[in-house]
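Below is one structure, written out as structure tokens, with a few remarks after it.
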Amino acid sequence: MATRTIVDVTDHGADPTGTRDSGTAVARALRAARAVEGPVTVRFAPGRYHFHPEHAERRDLYVSNTVGADARYASKTIALLVEDARDVVVDGQGSAFVLHGAQTAFAAIDSTDVRFENFSFDYVAPRVIDATVSAGGTDGGAAWRELSLPRDTRFRIDGTRVVWLGEPAPDSGEPYWTGVDAMDYTQVHDPAAARTWRADNPLFDDVVSVRAVAHDRIRIHYGTTEKPHDIGLVYQMRTTVRDHPGAFVWNSERVEIRNVSAHYLHGFGIVGQLSRDLTVHDVRFRADPATGRSSAGFADFINLSSMGGEVLITDCVFDGPHDDPVNVHGTYLVVRERVAPDTVVLAYRHPETAGFPAFRPGDEIEFVARATLDSSAGFTARVRAVDGPDGRGGGPDPSSMVVTLDRDLPGHVEPETWAAENVTCTAAVRIAGNYFVNVPTRGVLVTTRRPVVIERNVFDGMSMASVYVSGDAEEWFESGPVADLVIRDNTFLRPSTPAILFGPTNTVLDPARPVHRSVTISGNVFQDAAAPIVSARSVGGLKVTGNRLTGARPPRNGDLVETAGCSDVVVAATREAQLPRR
């Protein structure tokens with residue numbers, strides 16, 4: 001076994017006391033590690049390290065599910081960048097990384113055998129406001145609320161409006177970001193009930209006056225006489241531009257993220273794109289309570305787009321996202337034009353997804369009719385050549401890709417009515433031993449044809465389906481089918497109805513040609529669940545057996561599963577049981 005070289009970031013000028021910015025020094029250490037032949041560990045002395053965007057690496061990158069082909073946001077700022085490297089471990093040794101402004105916390109690009117471990121990271125004054133209604137009532141017949149804010153929240157009052165201010169940049173003094181009142185998006189968090197949901201925001205409706213009570217408290221008076229009934233609730237507000245991935249794994253193999261506390265993820269979570277073999281183990285996605293915040297992510301926590309190999313997500317905590325904790329999918333590109341018997345122009349149709357290469361020479365490609373999404377009636381080939389975006393701003397059109405195949409397409413593959421998926425870049429997935437709570441959306445979304453196992457997780461109070469299997473060539477264009485899915489030995493606490501949902505976007509339902517196949521749901525516990533527990537559309541080979549129900553009035557066995565366009569459905573051996581101790 002080769003000796004592992006140690007590169008200490010303090011030797012390159014990084015400051016573990018947190019007095020000075022360490023961005024330039026850490027970037028220098030990571031570049032030095034790349035030059036080392038053989039295994040290398042980039043080691044942080046235990047401490048607190050600050051990273052400002054002015055001193056970080058910058059790369060032009062186009063990332064799935066973010067800002068699409070909008071060139072205004074192409075330049076990404078990355079605090080810890082491992083690029084074009086082999087066998088690198090980034091070991092924080094328990095350090096805390098403090099990020100300022102809008103940045104990607106860490107990234108592995110064009111690299112192999114990379115591990116990030118043993119650190120926490122958080123952002124100063126992130127682009128989300130968690131406002132707690134700490135008091136409220138009526139005064140002289142007029143309603144009022146008092147809002148308590150996280151300690152690093154900055155604001156100014158402009159008449160009857162509240163202008164939110166990000167942290168001031170050290171050079172200019174200008175805030176890194178600004179927002180007004182409720183900004184663009186709101187979700188509501190009830191810390192007492194441990195639930196979070198999407199809702200309208202009444203905090204800034206019919207405002208008569210606003211005043212600061214303290215540096216972290218605001219009192220708002222209203223024209224209405226109705227007494228507020230939301231004391232104790234937290235309104236989590238933010239803008240909606242996903243300008244950065246929170247972390248990024250691109251064109252890389254065998255990347256691991258272990259023993260990390262992710263207190264906040266800016267932009268769009270950990271994004272894995274066109275990579276292979278990713279492990280996320282013992283990562284705590286949860287806000288640091290000392291900050292006064294409850295939001296731990298601007299959107300998803302983990303979003304994997306066109307990943308290959310094996311994905312392992314194990315023993316993690318997912319608490320407080322603004323969208324789905326885990327989403328594993330591919331990308332459907334719509335057939336826009338046939339330019340030769342063996343060549344098509346494919347279009348990226350969702351405005352947040354474009355600019356990266358969806359196909360590479362040698363990849364297996366599958367074409368399916370958008371109306372059926374039926375793989376068994378599709379057409380497959382190998383990609384011989386591509387002309388399109390490279391993920392860095394190169395290419396003639398970031399919203400389309402010209403693909404040449406190793407054989408001619410059949411005549412019935414027509415523009416606009418057919419879509420294509422990269423079959424090579426689909427992963428086997430295991431999601432096990434995780435805890436999901438305070439989630440306003442689904443817990444796990446997964447659409448991949450390789451074997452998927454979702455086991456031994458706890459889904460607590462999801463506001464939508466705990467597990468959602470779609471397959472979508474109409475709205476989000478997140479491909480594709482599942483062909484071997486096992487959901488077993490999970491605990492669903494206070495689930496929404498249904499707890500497990502299969503909802504592909506095909507418009508033609510044919511039980512003989514389902515979108516999804518071979519699904520087993522067994523050994524799970526559903527507490528306080530309403531019928532149906534499973535809602536399935538266009539699934540062939542669905543077995544719901546040996547599950548347990550607990551609660552005051554558990555649904556009857558015959559009410560458990562709702563189906564449409566399904567075949568070979570078995571529902572059996574469901575019984576009432578006490579919730580097992582964990």
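All residue numbers refer to positions in the sequence shown, counting from 1.
By the 4.0 Å N-to-carboxylate-O rule, Asp390 lies too far from Arg392 to be salt-bridged with it. Electrostatic pairing of Arg449 and Glu366 counts as a salt bridge here, judged by a charged N lying under 4.0 Å from a carboxylate O. Ionic pairing of Arg59 and Glu83 is present here: one or more N-O contacts between side-chain nitrogen and carboxylate oxygen are shorter than 4.0 angstrom. A salt bridge does not link Glu57 with Arg28: none of the charged nitrogens is closer than 4.0 Å to a carboxylate oxygen. Here Arg276 does not pair with Glu310 in a salt bridge; the nearest charged N to carboxylate O distance is not below 4.0 Å. Under 4.0 Å is where a charged nitrogen must lie from a carboxylate oxygen, and between Arg517 and Asp374 at least one such pair does. Between Arg384 and Asp408 no salt bridge is recorded (no basic side-chain N to carboxylate O distance below 4.0 Å). Here Asp60 does not pair with Arg58 in a salt bridge; the nearest charged N to carboxylate O distance is not below 4.0 Å.
In this structure Arg450 satisfies the salt bridge (Lys or Arg N to Asp or Glu O under 4.0 Å) test with no other residue, sequence neighbours excluded.
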Please output the side-chain donor-acceptor pairs of residues 316-327 that fall under 3.5 Å, not counting sequence neighbours, one pair per line with the distance.
unit_1: Asp319; atom_1: OD1; unit_2: Asn438; atom_2: ND2; d: 2.9
unit_1: Asp319; atom_1: OD2; unit_2: Arg286; atom_2: NE; d: 2.8
unit_1: Asp319; atom_1: OD2; unit_2: Arg286; atom_2: NH2; d: 3.3
unit_1: His322; atom_1: ND1; unit_2: Arg238; atom_2: NE; d: 2.9
unit_1: His322; atom_1: NE2; unit_2: Ser295; atom_2: OG; d: 2.8
unit_1: Asp323; atom_1: OD2; unit_2: Arg242; atom_2: NH2; d: 3.3
unit_1: Asp324; atom_1: OD1; unit_2: Thr441; atom_2: OG1; d: 3.0
unit_1: Asp324; atom_1: OD1; unit_2: Arg442; atom_2: N; d: 3.3
unit_1: Asp324; atom_1: OD1; unit_2: Arg442; atom_2: NE; d: 2.9
unit_1: Asp324; atom_1: OD1; unit_2: Arg442; atom_2: NH2; d: 3.0
unit_1: Asp324; atom_1: OD2; unit_2: Arg442; atom_2: NH2; d: 3.1
unit_1: Asn327; atom_1: ND2; unit_2: Glu478; atom_2: OE1; d: 3.2

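With Phe97 as the partner, the ring-ring contact (aromatic ring centres under 6.0 Å, His included) test is satisfied by one option alone out of Phe119, Phe121, Phe116: Phe119.
A donor and an acceptor atom, one from each side chain of Thr404 and Thr343, are located under 3.5 Å apart. Side-chain contact, Asn259 with Arg284: a donor N or O sits under 3.5 Å from an acceptor N or O. For Ser305 and Gln273, the side-chain atoms include no donor-acceptor pair closer than 3.5 Å. In the model, Arg198 has a side-chain atom that pairs as donor or acceptor with a side-chain atom of Tyr185 under 3.5 Å. A donor atom on one side chain and an acceptor atom on the other are found under 3.5 Å apart for His281 and Thr314.
Side chains of Thr380 and Phe367 form no contact here, defined as non-hydrogen atoms less than 4.5 Å apart. With a 4.5 Å cut-off on side-chain heavy atoms, Trp250 and Val271 do not count as touching. Residues Leu99 and His52 form no side-chain contact, since every pair of their non-hydrogen atoms from C-beta on lies 4.5 Å or further apart. Inter-residue side-chain proximity for Thr447 and Ser479 is flagged as unmet; no heavy-atom pair is nearer than 4.5 Å.
For the pair Val515 and Pro481, the tightest heavy-atom approach, listed with the atom from each and the gap, is O-CB, 3.3 Å. Shown here for Ala354 and Tyr348, the closest heavy-atom pair between the two residues is CA-CD2, 3.7 Å. The two residues Val413 and Arg338 have their closest heavy-atom pair at O-NH1, 3.0 Å.
In summary, the aromatic rings of Phe298 and His266 are positioned with their centroids under 6.0 Å apart. The aromatic ring centroids of His329 and Trp476 lie 6.0 Å or more from each other.
Note that OG of Ser518 and CG of Leu485 are 8.5 Å apart. Values are rounded to the nearest 0.5 Å.
Of the possible donor and acceptor atoms, none in the side chain of Thr77 sits under 3.5 Å from a partner among the backbone N and O of Pro53. At least one donor-acceptor pair under 3.5 Å links the side chain of Asn457 to the backbone N or O of Glu455.
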